[in-house]
Structure formats: structure tokens, C-alpha cells
Amino acid sequence: MSISLEAEVPEVLFDGMRQFLEHHPQWDQYRLISSALAGFLFQNGCGDQGVTQHYLNGLFLRP
């Protein structure tokens, strides 16, 4: 299952995201957002195994 979402982000976060993506061409906006969301959920106590796996894959796997 996937969920499509649209969100407004503060300009400073948008600029940081843009700069990160310019320097890391193996990433795209979708991978960055899903990795950030998995990190947030994991660090805030989400015990779902899929979230944990996504978080760990983002730390250790290269595309």
C-alpha cells in the first residue's frame, strides 16, 4: 500500500532538502521523505517491523 500526500514545508527545510538532493544524486525526493518519516516513527517508538526495516535499510543500504 502507498499513500500519496501533499504537504507544505517551511522554506528552510525545502532549501535543505534541495541542497541535499543536489549533492546526493542517488536520492530523490520520495526516498528522502520516506526515509525521514521512517526515522521519525522509529525514534518515537513505532514498533512496526516494516518501519524498523525501512529505517535500518536507509542507514545501511546503498541503492
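Results of the side chain to side chain contact (heavy atoms under 4.5 Å, CB included) test with Leu21 over Gln19, Arg18, Met17 single out Met17 as the only residue that passes.
Applying the ring pair (Phe, Tyr, Trp, His ring centres under 6.0 Å) test to residues at least two apart or on different chains, the pairs with a partner in residues 2-25 are Phe20-His24, Phe20-Trp27.
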Using residues 3-10 as the side-chain source, report each donor-acceptor pair under 3.5 Å to any protein atom, sequence neighbours left out, with the distance given to one decimal.
none

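Counting heavy atoms of neighbouring residues, nucleotides and ligands inside a 6.0 Å radius, atom CD of Glu22 exceeds 12 of them.
Here Thr52 pairs with nothing under the side chain to side chain donor-acceptor pair (under 3.5 Å) rule; sequence neighbours left out.
A distance of 8.5 Å separates CZ of Arg31 from NE2 of His54, quoted to the nearest 0.5 Å. The CG atom of Asn44 sits 11.0 Å away from the CZ atom of Phe42 when rounded to the nearest 0.5 Å.
The two residues Cys46 and Val51 make their nearest non-hydrogen contact at SG-CG2, 4.0 Å.
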